[in-house]
Every structure is written in structure tokens, then in C-alpha cells.
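Every heavy atom of this structure was used, including side-chain atoms; hydrogens, water molecules and symmetry mates were not. Chain naming here is simple, since letters A, B, ... match the order of the sequence lines and numbering starts at 1 in each.
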Amino acid sequence: MPKPNLTLTLTNTLTRAKEAFTPHSANNVTLYVCGITPYDHAHIGHARAYVVFDILFRTLQRLYGDNAVKYARNFTDIDDKIITRAQEVGEQPTQLAQTFIASFHKDMAALNCLPPTAEPKVSDPKVLKGIVAHIDALIEKQFAYVTASGDVMYRTQKFPSFGALAHRKLDEQQHGARVKADDEKESPNDFVLWKANAKSATKLEQAFSPKDLGAKLFSAPGRPGWHIECSVMAKQELGTTIDIHGGGEDLQFPHHCCEIAQSEALLKPGQPLARFWLHNGFITVGGTKMSKSLGNFTTIKDALKSYSAEAIRLWLLQTHYRKPVDYTPAALAAAEASLAKLYATWNAAFKKDPKPAVTAWKGTCSRLNPFRRALADDLNTAAALAELHSASNFLAEALRNGDEQKQRYWRQRMGYMAHHLGLLQNPQAHTAKPQTPLSAAEQALLTAREAARASKNWPESDRLRDELKAQGILIEDGPTGTTWRRA
RNA sequence: GGCCGGAUGGUGAAGUGGUUCAACACAGCGGUUUGCAAAACCGUCAUUUCGCGGGUUCGAAUCCCGCUCCGGCCUCCA
């Protein structure tokens, strides 16, 4: 792979500064992004996180080569929330998790998010064994202790920089602000690595015997705590120090701080779990964070009932990934309109020349430089979109002028940009919304209107046009005849 | 209480010291076109203005200080 002639800069949460990114090894670039706990359908907030990191994944692929980038995104498929939900609906937890993993995969595919190179699950025996071994090692090194009820806790006092990622001094925190303190902890900051059944309301489900998994220093049946899995899966999939670790802003503390403590306790002094930490901002509703617990969420599937997947993607990419995005129908409708315009040009170009669009680009192109620079500048997708619009406008102009050379030129560049952003990728029909053929009744209306127009019966013609519009079919009378499209 | 982030036209939003820096998009408005529309095109759309008040500077939306408002986290969370 050629050495990238662009420097990728990323805002590193560790330093709160934009830093030049260089991978530890240019032919093995590693990215770990915290995935979901599959106990319900994913919502728009999840969509944002994974669209953002999809753009990062694609950008890294362009810079270092498709095969050089390893992107792991996990599923926390062993968890109290899964067990609780499973009991509510009378299902096996594992079955329930499977259902929502499949649902999540569908959502990601709809949103044009590329599949990660690895999607580890906690329930994988390899992961469970790794977790148990990691916990054993932490106990051995005094970084963890077993409580009277059998839990294993991380001893945060052994890790003085705990909380540094979130820039917190722990003695200044309000303990128990949200979750009540646990008497068995040596320090209120300590967190659970292994959750023994003794304190679980759901004793028998998703419970594992540490001994069976090879544990030597703890024994109470139970399940892994939330944070430990990511440490282990990142290590198993990507190695001990990864290039970039990402996730939502809300994971900074405690989740990512706990991961750092768990992982770095077993690494050489000064060796980090991750060199770069990236966090995306929230989706808000009326200014308040969209979340499961507040109940103010819209699932991706529900949003897809009203808006095309690419409009959702476009809407998300209009804002820089660290800023909040407010979910409003008006904003989605505006994105849909903007996308429809892009597709109108795109579609017209395909009618002229049905060859597939360019997706890859070898070498340099001065017209693509602003686009590439925008994405390399801390993933400035808003600026990158402006370049896409610009290419679209030039292509539309070339189509009007009949300049075939420029049509090819701009179509290639537009195609490349759209592909990088994961937009304009609907196969066959080059429109955002599916254009199902007219029904017999609809066709009859259209034919009747044609007849009325031929006899210059304008009132009848307009009445039929309104009737079609009411059914979601928009009529356009052009010089070469009448066309229709579904709104 | 501690820590973190945000505030840019009617709307979303880019821009973090200086030659179109207020990009781009959506909406609106005027026009061309059309039987009328739609679509498209042309034009217009923050002109001492970037939450407020100071300061630094030859020069600030951009840096510094103070303030207001909004949001997030402080062991469920993307």
C-alpha cells in the first residue's frame, strides 16, 4: 500500500486534542468499538455511533488498504438486562439475544454500515475462558479481590490513574449518585469483574462455573461483569495495544475507564490499552439524550418506516461526530429532500450511461483532495458532503450541456465520494425510495389523465393528478412525455 | 458538589487568527419554463454579524478572562 499522502487527525479523548494518527503498524490497523447489549431493537442513538465508526473504518481502509484494517465490534450477549427481558417474555436469554443480534444486523445492513471484521460475543467459550483467565491474573497481581458473597471486584486503589480518560478525580465524585453503593467493596470506585449468583435475582440463567472455565483463584458460579468482556475481546481479536478504541460519549466513564484499568494492570508499565480513544456525541430529543432508560427513543426500524435509510445516514453525517444531533422530523425530511436531489442527478447520469459507478480511486485527483482532506480532518463529514453536493452540481450541469467528457469526469468523482460515505448505494433503482411498479388501478388513473390531456380537458387532467398525488404518486409532465415517481 | 461538552441566518450545519471565512444543504422569496403544475435552471436569502460583557492583537466567530443559558457523566447507557 502506498504511504498515505494525507495525515489523518482524530480528536483523542485521552488528551482532548486533535492529534495526528499513525497506526502502530500500517498493515495492521486496529479499531475496537463497543457494541450493543442485545435485549431490544437498536435505536437512532446506536445508529449514529455505528455510522460514525463505519465512516472511520472506511476512511482507514482508504488510507491503509482494505485488508490492513481490523475492526472489532462486540455483542454483550450475557447481561442482567437480557435475563430480565427474557423472563418478561418467557424466552431463553440466549435465544432472546440471538433475536436482537439478528435485528441489529438487519439495521446495520439497511444503514449501509460495513460489517466489522470481527464481531465477538461474550457467550463464546473462547471469550468466557479468556475472561476467567484475565480475572485470575488480576487476582494474582492483587488488582482484584474476591468478596464474601463470591463476587470478584477490581481494586481501583491499585490503579491510581483510574478515571483519567474521563478527567476525573475519584475522591471528588458523588458516589451513589445513581447506583447505590455496595458494602462489600473496599472502595466505592471498585467495580465488579465477576458477578456471583449469590446476589443475582436470576440465579440459574446465564451462569457459568469459573472452575469449568479454568479459574484457579475464584469459584462462585455467576457471569462476567460488564466491563471485563471488552478488555478480553479487544485483546483476543486485536492484540494488547490497539490503535483506536471507540464508543459513545456515555461509555467514557465508567466503562472505558474500567477497561483501561483491567487491561493495563496486566500490561507493561506505560503500555496503553489503546493509543487513541474516540467518542461520538449523542442523539438528543428536544435537547435531552435519547436513551432506553428515559424511553424517549425511536428504533431504527421505526425511523425506517418514515424515512429512507440513506436519508437517516445523510442526516447523521451532516453533523460532526462529536456534536449532539437533535432528532426531529423536520431535520429528517430535509435530509430526505437533499438526498432526493442527489439521486435525481445520479439517476439521470445512469440513464445516459448505465455502467456501474466508480468506487475505488487509484492515485491522486485534485478534485478529490478537498473531500479526502475533509474526512482526514477528524472525520469532517459535513465538509465532505459539501464536496459531494458540489460534484453533483457539476454533474448536473454537464448533463444539461451534453458534455459527455465532463459527465464521465464528475460521475466518477461523485461515485467515489458517495461510495466512501455509504450514500447513493441503492442497487438498480437509483432512488432513495423504492419505486414499486404502478398497480392496475394506478395505471388506469395515469392512462385516463393522458387521455384527458390529449383532449385538453385540463380540469379532469388536474383532478386525476391530484388523485394520484393523494396516493403518493407525483406526476411530472416533461417535453418527452409524462413521468411518475413515488413520494 | 466535581468533571466534561455545547451556543453560528427561517432551519440543519461547516468554519478555531488574516487574500470570497460566514462553505454546503433544507425551507422561503422573485424570475425562466409549463395549459396550470411538478421537476429543472437563474437570481435572492446572517453585509460592523457568529449566546452576553470585557481583554489580547495591525486584525477574532476563531485566543484569554468573566457571565448567562442548555446538555452530558459521576458504576444501566452508543
Side-chain angles (χ1 to χ4, degrees), chain A residues 13 16 18 33-37 42-53 79-81 156 163 166-182 185 188-192 225-227 246-255 257-258 279-284 287-294 314-315 318-320 322-326 328 330-339 341-342 344-345 348 370 374 380-390 393 396-397 399-400 453 456 458-459 461-462 465-466 469 474-479 482-485:
Chain A
T13 307
R16 312 268 159 177
K18 230 195 262 191
V33 176
C34 289
I36 57 156
T37 300
H43 60 68
I44 298 290
H46 301 113
R48 182 183 197 191
Y50 302 119
V51 166
V52 163
F53 288 107
D79 182 88
D80 287 7
K81 286 199 288 283
T156 50
H167 294 217
R168 284 159 204 258
K169 295 195 176 84
L170 293 174
D171 47 355
E172 289 169 356
Q173 297 295 296
Q174 249 178 11
H175 293 296
R178 186 168 53 80
V179 173
K180 75 170 176 8
D182 184 326
K185 289 181 181 177
N189 298 315
D190 293 354
F191 55 92
V192 69
W226 173 37
H227 315 294
E249 212 178 0
D250 47 358
L251 297 182
Q252 261 177 47
F253 191 93
H255 185 55
C257 288
C258 294
H279 293 96
N280 66 276
F282 298 128
I283 295 294
T284 58
T288 304
K289 178 186 171 190
M290 177 181 284
S291 73
K292 284 276 166 66
S293 47
L294 287 174
L314 178 68
W315 163 66
Q318 275 177 327
T319 309
H320 185 87
R322 276 181 291 114
K323 285 200 170 183
V325 172
D326 207 53
T328 63
L332 267 295
E336 193 80 74
S338 178
L339 180 68
K341 248 181 158 176
L342 289 172
T345 302
N380 190 338
T381 50
L385 273 172
E387 293 302 318
L388 177 66
H389 285 295
S390 166
N393 291 336
E397 189 183 13
L399 285 162
R400 282 197 301 279
R453 289 191 76 229
K456 297 197 191 293
W458 306 126
S461 156
D462 292 349
R465 182 170 64 200
D466 287 345
K469 190 181 177 186
L474 301 178
I475 296 301
E476 290 168 20
D477 299 320
T482 297
T483 59
W484 60 270
R485 65 191 166 90

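Contact detail for A331(A) and W315(A): the closest heavy-atom pair is CB-NE1, 3.6 Å. Nearest heavy atom pair, residue G163(A) against residue C257(A), reads CA-SG, 3.6 Å. Considering all non-hydrogen atoms of both residues, A382(A) and Q318(A) come closest at CB-O, 3.2 Å. Nearest heavy atom pair, residue K289(A) against residue F282(A), reads CE-CE2, 3.7 Å.
Counting non-hydrogen atoms under 4.0 angstrom, F282(A) reaches a base of the nucleic acid. Nucleic acid contact class of A331(A) (heavy atoms, under 4.0 Å, all strands): none. Nucleic acid contact for G246(A): none, since no nucleic acid atom lies under 4.0 Å from a heavy atom of the residue. A166(A) comes within contact range of the sugar-phosphate backbone alone, with a heavy-atom separation under 4.0 Å but no base atom that close. Residue contacts shown for A334(A) are limited to sugar-phosphate atoms, with no base heavy atom under 4.0 Å away. Residue contacts for G45(A): at a heavy-atom cut-off of 4.0 Å it reaches a base atom on one of the strands shown. Note on K292(A): nothing from the nucleic acid sits closer than 4.0 angstrom, heavy atoms only. H255(A) comes within 4.0 angstrom of no nucleic acid atom, judged by non-hydrogen atoms across all strands. In this structure, S338(A) reaches the sugar-phosphate backbone alone: every heavy-atom distance under 4.0 Å involves primed, P, OP1 or OP2 atoms, never a base. Across all strands shown, L314(A) has no heavy atoms under 4.0 Å from either base or sugar-phosphate atoms.
Between S293(A) and S390(A), the residue anchored nearer the 5' end of RNA chain B, judged by the nucleotide with its closest heavy atom, is S390(A).
Counting only heavy atoms from C-beta outward, the side chains of T482(A) and R465(A) never approach each other to under 4.5 Å. Considering only heavy atoms from C-beta on, K341(A) stays 4.5 Å or farther from H389(A) through its side chain.
Rounded to a whole Å, the CD atom of Q252(A) is 15 Å from the C1' atom of U75(B). Rounded to an integer number of Å, the gap from L339(A) CG to C26(B) C1' is 13 Å. The NE2-P distance, from H279(A) to G6(B), rounds to 15 Å in whole Å. Between the CG atom of N280(A) and the P atom of G72(B) there is a distance of 16 Å, given to the nearest Å. Counting to the nearest Å, the P atom of U75(B) and the CG atom of N189(A) are 9 Å from each other. A straight line from NE2 of H389(A) to P of C24(B) spans 11 Å, rounded to a whole angstrom. Rounded to an integer number of Å, the gap from Q318(A) CD to C26(B) P is 9 Å. Rounded to an integer number of Å, the gap from I283(A) CD1 to G71(B) C1' is 14 Å.
Comparing C24(B), A78(B), C74(B) against the side chain of F253(A) picks out C74(B) as the nearest. Distances were taken from every side-chain heavy atom of H167(A) (C-beta onward) to each of U75(B), C3(B), C77(B); the shortest belongs to C3(B). If you check A78(B), U75(B), A23(B) against the side chain of F191(A), the one that comes closest is U75(B). The nucleotide whose nearest atom lies closest to any side-chain atom of R16(A) is, among U75(B), G5(B), C24(B), G5(B).
A7(B) sits 25 Å from U20(B) when the P atoms are compared, rounded to a whole Å. Spacing of P atoms, C67(B) relative to C4(B), comes out at 15 Å, to the nearest Å. Here the separation of G6(B) from A40(B), taken at their C1' atoms, is 39 Å to the nearest Å. One C1' atom belongs to C63(B), the other to C26(B), and the distance between them is 33 Å to the nearest Å. Comparing the C1' positions of A13(B) and C24(B) gives an interatomic distance of 8 Å, to the nearest angstrom. For the C1' atom pair drawn from A25(B) and G17(B), the interatomic distance equals 27 Å after rounding to whole Å. Straight-line distance between the C1' atoms of A46(B) and G28(B): roughly 15 Å, to the nearest whole Å. Nucleotides A38(B) and A78(B) have their P atoms positioned 45 Å apart, rounded to a whole Å.
U56(B) makes up no base pair with any nucleotide shown, lacking Watson-Crick or G-U wobble contacts both under 3.5 Å. The partner of U11(B) is A25(B), by the rule that a Watson-Crick or G-U pair needs both atom distances under 3.5 Å. Nucleotide C69(B) has G6(B) as its partner under the Watson-Crick or G-U criteria, with both atom distances under 3.5 Å. Taking a pair to require two hydrogen-bonding distances under 3.5 Å in either a Watson-Crick or a G-U wobble arrangement, C77(B) remains unpaired. Within the shown strands, G31(B) is the pairing partner of C41(B) under the Watson-Crick or G-U definition, both distances less than 3.5 Å.
Ring geometry for H46(A) versus H43(A): interplanar angle of 30 to 60°, hence tilted. Classification of the H255(A)-W226(A) ring pair by plane angle, with boundaries at 30° and 60°, yields parallel.
For the OP1/OP2 pair of G15(B) and a distance below 4.0 Å, the side-chain nitrogens and oxygens of N380(A) include at least one atom meeting the criterion. Contact between the side-chain N/O atoms of W226(A) and the OP1/OP2 oxygens of C77(B) is found at a separation under 4.0 Å. In this model, the phosphate group of G71(B) is not approached by any side-chain N or O of K323(A) to a distance below 4.0 Å at OP1 or OP2.
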Reading nucleotides 30-41 of chain B 5' to 3', which nucleotides get B (base under 4.0 Å from a protein heavy atom), which S (sugar-phosphate only), which -?
-> -----BBBBSSS
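R168(A) contributes a side-chain N or O that forms a donor-acceptor pair with the base of C73(B) under 3.5 Å.
Atom OG1 of T284(A) sits about 12.0 Å away from atom CD1 of I44(A), to the nearest 0.5 Å.
A salt bridge is absent between D466(A) and K469(A): the closest approach of a Lys/Arg side-chain nitrogen to an acidic carboxylate oxygen does not fall below 4.0 angstrom.
In this entry the base of G9(B) is syn relative to its sugar, with a glycosidic angle within 90° of 0.
The main-chain N or O of T156(A) is found under 3.5 Å from a side-chain atom of D190(A) such that the two form a donor-acceptor pair.
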